[in-house]
Peer 1: 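Encoded as structure tokens, here's the structure I'll be asking about.
Convention: sequence-line order gives letters A, B, ...; per-chain numbering from 1. Worth saying up front: this structure is predicted, and the values here are computed from it rather than measured.
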Number of protein chains: 2
Amino acid sequence: MAKIKGDFTLPGESGFEDLTLSLAERWGADVIRDSDGTQLSDKIINTDYGIYSTLCLIRSDNQWAKANKDKLQQNFLMSFPVTAMEDEVIISPLKGYFKEQFIMNNLDDPKEFWQVFDRTTGEEVPLTDWEYNKEKEEVTIKNTKRWHEYTVNFLAIRIWEEISMYNHITNDWGNKEHLMAVEPRHVEVQEHMLKWLEEWCESHPKTTVVRFTSMFYNFAWFWGEDKDRRNLFSDWGSYDFTVNPIALRAFEKEKGYKMTSEDFIQNGKYNATHNAPTKKYREWMDFINEFVVDFGKKCIDIVHRYGKKAYVFYDDSWIGVEPSGKRFKEFGFDGLIKCVFNGFEVRLCGQCDAVEIKELRLHPYLFPTGLSGEPTFAPGGDPTTDAKRFWRNIRRALLRKSVDRIGLGGYLHLVEPFPDFCEYIEKISDEFRMIKAFHKEEKPYVLPGKVAILSAWGDLRSWTCSGHFHENPTRDLMNILESLAGLPVDVEFINFEDIKEKGISKDIKVLINAGCKGSAWSGGFYWKDTKVVETINEWVYEGGCFIGINEASQIEGGFHTLQIAPILGIDIDDNDSKTCQGKYGYEVDKKHFINEGLGDIRIPSHQGVYLIDKNTQVLMESDNVPTLTVHEFGKGKGIYLSSYRYNTENTYMLMKLLCYGSGQEEKINEYICNNPLMECAYFAKGKKLVVINNGETTETTTIGTKEKGCIEVTLAPYELEVIHLD
Amino acid sequence: MAKIKGDFTLPGESGFEDLTLSLAERWGADVIRDSDGTQLSDKIINTDYGIYSTLCLIRSDNQWAKANKDKLQQNFLMSFPVTAMEDEVIISPLKGYFKEQFIMNNLDDPKEFWQVFDRTTGEEVPLTDWEYNKEKEEVTIKNTKRWHEYTVNFLAIRIWEEISMYNHITNDWGNKEHLMAVEPRHVEVQEHMLKWLEEWCESHPKTTVVRFTSMFYNFAWFWGEDKDRRNLFSDWGSYDFTVNPIALRAFEKEKGYKMTSEDFIQNGKYNATHNAPTKKYREWMDFINEFVVDFGKKCIDIVHRYGKKAYVFYDDSWIGVEPSGKRFKEFGFDGLIKCVFNGFEVRLCGQCDAVEIKELRLHPYLFPTGLSGEPTFAPGGDPTTDAKRFWRNIRRALLRKSVDRIGLGGYLHLVEPFPDFCEYIEKISDEFRMIKAFHKEEKPYVLPGKVAILSAWGDLRSWTCSGHFHENPTRDLMNILESLAGLPVDVEFINFEDIKEKGISKDIKVLINAGCKGSAWSGGFYWKDTKVVETINEWVYEGGCFIGINEASQIEGGFHTLQIAPILGIDIDDNDSKTCQGKYGYEVDKKHFINEGLGDIRIPSHQGVYLIDKNTQVLMESDNVPTLTVHEFGKGKGIYLSSYRYNTENTYMLMKLLCYGSGQEEKINEYICNNPLMECAYFAKGKKLVVINNGETTETTTIGTKEKGCIEVTLAPYELEVIHLD
């Protein structure tokens, strides 16, 4: 009997039709997709499988783009600083930037959009003190001061779409055409794009799902001329590439005030997602989101008119497409696809309620090499172990929140020499379908009461800290999210406006704020708002628990360095300015509930942390500095951690902190493994306990259950077992 | 034949007359002094030895002080913060402070001097919104906001002089009278003090030197009620104890504007010497210094009228007595005495040109225990080794800059069970007299060109970083000073005004700025002055060398984190706000001149340091972060060190950096030991080379000389040898 197909997307490859169809059978695929660089042959297309086809509209018709170079995408750049040696400075704005990516915008009046700054004083140079010479592509600045550094904020046109550029250069594609990204703010671009899409749908009757990658604006990625520093700026969430004269003028018309170039340049820091966003920048984002949704909907409507589904692949040109954005549902997407390395990415995808189908693109990608160039499907590679490790990361999150489908991508023929891999994918597919089936019945057990993450972004950047885990290994919140992704807790994401407008909702038991000072994650200047501080004080005093990590709530020039120091019972002497002040001594409370049964945990210290209340309990220290403290505040608690890194021991400690913080210490022994290498999900109605081993060795755990008391479970490496409690 | 006496001050002790006189003979003493707690008997006084007598005028006549409690010293304190839970807050300002040290000033109108702050917003509460109840000693604040923290800045009267209080409590003196410090701003106090001093001089005809400890105002030292945190604030250089209504009103009258309580409280940080001082605070210091000198001179005149010398012991009540202050010479002191643990303190004393006699009080002090309570002249103690280590620290500085006398203090009889110690002091005294004799002939060799230390204090805090070395082990500048103290370089101390007013003098070859952000040592906000930045840029460009250490030149909100980043070729991403920006890679240049022949040096890294110029050379790194870099800037150089700690290897490295920075690499091989444990001083005219071993093992070094080429010297532990090069 044929295996039941389902919920699996297979990358087909023409020339390997038999392999495609046999693996589709074995892995239980119901859909076949194309990938970058692969084609589906008629033999594959003319089966009964569903067919996904990848489209990226902004770079789809390069002939048209080349014929319409005045309609390419733009962005603001800041010139490299030039030091004045005289009372006149000449700056070539593009100097230092990759000339194959950028050209000057010589179309619009510089004085309308550009700005020149004396960066030494921070002051803008008056418009009358500089001139742009379009022929020489130089800005001449007058009345400069010797030794001051000057920069020009200017509009650049991008002549090479970044993903195309990256693949081209990385793979040494030589003379292959450079794709360009057109700007959909132009009416002509919109008309052309819709017409092109219509024709495409017409000519691809077998495609059942159009997989958009993603919509119109890529994350920001500036390259430099210097090969030793190609990457000048890259941010997964920045709206820098949404800038152009049409949008800038439309914004001003709508809002009555103008976005300046410096609103984007930010003293050379740009609007990196990691940095606390200004309110003005967030209004720009909202304005762009409105446009992307409005025009995106028109594209999706066409797809629907042809009887096809529209899925969005949440990557590359995803700016303005945030699934947790308030307008996302209006797109009308049928599915959301997310490539995943880690658990938090599963939750990022899984949380979206605005689409019918949520799908994960698993790793390893079927490529000879991985992200860092290491061999995968190539001699020296071990794709099976890679797959196990990725699945381990992902599975624990899937236990908490299911999605609808999984799949792979890349060149299918590469798997042939790796029969182990093919077998393991079969196993994964079966595990996935089983977990999904459990979720269909009921939501698994969670610790009563919600955990909320407080950041400047709130829900808009829920389950993400900008980019992949390996790009942010030292971001505390990234690590917290990865831990939380597989813990039995309900997580919510809020920002400072939420707190001001709605207070802190009653069902939130623990509020977490984590990150370095000034960052969007800790909140930066948003903590200067006293209403926020008042509300949080009140909430903790009445029984809430605030977990502050690293430089949570830190501001400049306050009475306390951490605005919530009175709650935490500790503060930070950020610049040794309180060296002369006596500090309380302390004893480490090694017998505290949190420390009981924990393995060897060493939290790196943060210089300058000191107790401001003698009743603050120190649970851990490093270098004679407290690293984990708890403090009673009214009926509630403040918990401080100087740093948080994702690993199994710390994840278990975090779970204990959540139980303790929410006043439910006893819950750590209910449906939770006491071996940090193991985790479980409890499905109460079905009396099923799914236990997993995240370790690479055989592990044993005890788990407290209401049904059968304390049970013991032993599992082989990476193994999953379903325990029936009835 | 009797040994030649000279340049040595011995602490005499009555009851031990024979010991006193025999050790005086053996150590070559010419002066006998009393100490706290010791008396000199007639038998001692009536010898031909000079006699030092210790006086501290402000606490000398406690009977009078007790009868004049309205004339005691005062200071501003900030109440502990109180959180508003309603729209009214009641604060007992003294709550939490040590009631035996402080009482409320109920004499003056609170509304004239006090201030109340909402520390959550940082705003002052209007005078109309608070009232002080003198009977209850409570401040009631109206219209408070729930969850905001409020504090009261108020005037407190001190009823226990701090040095007396510390000794009393530490030694458990029980019912012994509490000494009080009178405020010399009162005319009556001045009259009484001068009369008392006159009578004292009259009744002490044998005293040859009056040793003032020191003048009128002690360093700030606030104690708390809580025994677990007795020390609330202590700062060796703060002018907090100079505050009182008379001075405040006189300041306002003279300057036309007023010092507020907040000018002293500084958001709870007070004016710790470590923090960059406001210009207003520096004007207050100047105003106080003028008074201390004016009235101090009157006291010294009396001493002189009685044919005695007046020396000042640079400690305790030394505020307003800075030897490098512009008015110090006006006091008319004949001598300056400094207790020394370290080399920098030798230089601090030795640099003073305004007195005839400079004297060092050596350690260990003749007490049963040392500063941290460890045994010295007691069972378990090893005072000889202690003495060797202190002498090792001190001797290397004496090789560079001599003083006139040395001496001891404490209870002389304690040395009896330690014949080794008595012998070692004899050796030290002879070494000292020999070094002094060499200096009398000529100044020893120094590297051509001066080294200048740039800080917010400049010359006023030259050769100090506030307090002892062991109190500031992690202050970079403290460590730099200790290294420099024994290096063959001329050192000058300048501040930001010096640079603005006079530029950087031609004979300065290297400028050092070291410390954490915001500190007085790095300069803090003074770096916002673009004139300073311009001048330094110009100076380096023309050939100077700037050594920046740790957070040198760091400001908030600038284009660069370090204002002189373009000179250094590196900058710091202080809060991960530039994570998204690509950074240059680098190779560590292990063959650079600086790295040649250096031992294993590991400089702790500073998070976020990165190259802003690909031509910046990285000489050392830790944790994949550059820790020592050099960068060409015009004809000059920028050198960055992420941290500096005093030890022999680092001191040698610093010397190499000074040679390199000043373009004199070859000088590292001239009259400088190539073994970092050894140092030498070259007296060119006399063709003498004084070589010392700072190590605790026998060491060998080679030294390049013009006279005899490269010579090799081997010395026993701690040994000194004079090599005659003729």
Peer 1: If we count only N and O atoms by modelled type, under 3.5 Å, do the side chains of A:Glu632 and A:Asn615 hold a donor and an acceptor together?
Peer 2: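 A:Glu632 vs A:Asn615: no donor-acceptor pair found between side chains.
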Peer 1: Is the closest side-chain heavy-atom distance between A:Asp235 and A:Phe219 below 4.5 Å?
Peer 2: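 A side-chain contact under 4.5 Å is absent here.
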Peer 1: Can you tell me which portion of B:Asp574 sits under 4.5 Å from chain A's heavy atoms? Options are side chain, backbone, both or neither.
Peer 2: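 Both the backbone and the side chain of B:Asp574 come within 4.5 Å of chain A.
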Peer 1: Please classify the contact between B:Asn275 and chain A as side chain, backbone, both or neither, with a heavy-atom cut-off of under 4.5 Å.
Peer 2: side chain
Peer 1: Apply side-chain contact (heavy atoms from CB on, under 4.5 Å) to B:Asn575 and A:Gln554, showing your working.
Peer 2: CA-CA 11 Å; B:Asn575 59 350; A:Gln554 182 161 338; over 6 Å; no
Peer 1: Under a 4.5 Å heavy-atom cutoff, which of B:Glu556, B:Met85, B:His274 has the most pairs with chain A?
Peer 2: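 Highest number of pairs under 4.5 Å: B:Glu556.
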Peer 1: Does any backbone or side-chain atom of B:Glu551 lie under 4.5 Å from a heavy atom of chain A? Answer side chain, backbone, both or neither.
Peer 2: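 Nothing of B:Glu551, per the 4.5 Å heavy-atom cut-off to chain A.
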Peer 1: Mark yes when over 12 heavy atoms from residues, nucleotides or ligands other than A:Gln607 sit less than 6.0 Å from its CD; otherwise mark no.
Peer 2: no
Peer 1: Non-hydrogen atoms of chain A under 4.5 Å away: do they reach the side chain of B:Glu149, the backbone, both or neither?
Peer 2: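 The side chain, not the backbone.
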Peer 1: Go through B:Phe233, B:Tyr270, B:Phe117 and name the one with the most non-hydrogen pairs under 4.5 angstrom from chain A.
Peer 2: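 The option with the most such pairs is B:Phe233.
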Peer 1: With a 4.5 Å cut-off on heavy-atom pairs, point out which of B:Gly224, B:Ala272, B:Ala220, B:Ser234 contacts chain A the most.
Peer 2: B:Ser234
Peer 1: Within the 4.5 Å heavy-atom criterion, are A:Arg475 and A:Cys465 side-chain neighbours or not?
Peer 2: yes
Peer 1: Can you find a pair of side-chain heavy atoms, one from B:Tyr541 and one from B:Phe633, that are under 4.5 Å apart?
Peer 2: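 B:Tyr541 vs B:Phe633: side chains touch.
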Peer 1: Quick check against the 3.5 Å criterion: does A:Arg229 have a side-chain atom that pairs as donor or acceptor with the backbone of B:Lys614?
Peer 2: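 No; zero donor-acceptor contacts below 3.5 Å.
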Peer 1: Can you tell me which portion of B:Lys517 sits under 4.5 Å from chain A's heavy atoms? Options are side chain, backbone, both or neither.
Peer 2: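 Contact with chain A involves both backbone and side-chain atoms of B:Lys517.
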Peer 1: Tell me, side chain or backbone of B:Thr151 under 4.5 Å from chain A's heavy atoms, or both, or neither?
Peer 2: side chain
Peer 1: Let's test your reading of the structure: which of A:Gln266, A:Arg230, A:Lys583, A:Arg146 forms the most heavy-atom pairs below 4.5 Å with chain B?
Peer 2: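 Of the options given, most contacts go to A:Arg146.
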Peer 1: For chain B, which of A:Lys578, A:Gln563, A:His148, A:Lys528 has the most heavy-atom pairs under 4.5 Å?
Peer 2: A:His148
Peer 1: Is it the case that more than 12 heavy atoms not belonging to B:Tyr166 sit under 6.0 Å from its OH atom?
Peer 2: no
Peer 1: Set out, in order, the CA-CA distance, both residues' side-chain angles and the distance that settles side-chain contact (heavy atoms from CB on, under 4.5 Å) for B:Asn218 and B:Ile319, then state yes or no.
Peer 2: CA-CA 6 Å; B:Asn218 198 21; B:Ile319 297 298; over 6 Å; no
Peer 1: So what's closer than 4.5 Å to chain A heavy atoms on B:Cys516: side chain, backbone, both or neither?
Peer 2: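 Contact with chain A is through the side chain of B:Cys516 alone.
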Peer 1: Picking from A:Ala520, A:Ser466, A:Cys580, A:Ser519, which has the most non-hydrogen pairs under 4.5 angstrom with chain B?
Peer 2: A:Cys580
Peer 1: Would you mind telling me which of B:Ser577, B:Gly518, B:Ala276, B:Gly122 has the largest number of heavy-atom pairs within less than 4.5 Å of chain A?
Peer 2: B:Ser577
Peer 1: Between A:Thr579, A:Thr121, A:Asn267, A:Thr535, which has the largest tally of heavy atom pairs under 4.5 Å with chain B?
Peer 2: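 Winner by heavy-atom pair count: A:Asn267.
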Peer 1: For chain A, find which of B:Phe222, B:Trp236, B:Tyr584, B:Trp147 contributes the most heavy-atom pairs closer than 4.5 angstrom.
Peer 2: B:Trp147
Peer 1: Step through the shown structure and confirm whether more than 12 heavy atoms of other residues, nucleotides or ligands are within 6.0 Å of CZ on A:Phe98.
Peer 2: yes
Peer 1: The test is side-chain contact (heavy atoms from CB on, under 4.5 Å); show your working for A:Ile555 and A:Phe525 and say whether it passes.
Peer 2: CA-CA 6 Å; A:Ile555 57 162; A:Phe525 66 83; over 6 Å; no
Peer 1: Given the options B:Lys145, B:His560, B:Glu471, which has more heavy-atom pairs under 4.5 Å with chain A than any of the others?
Peer 2: B:His560
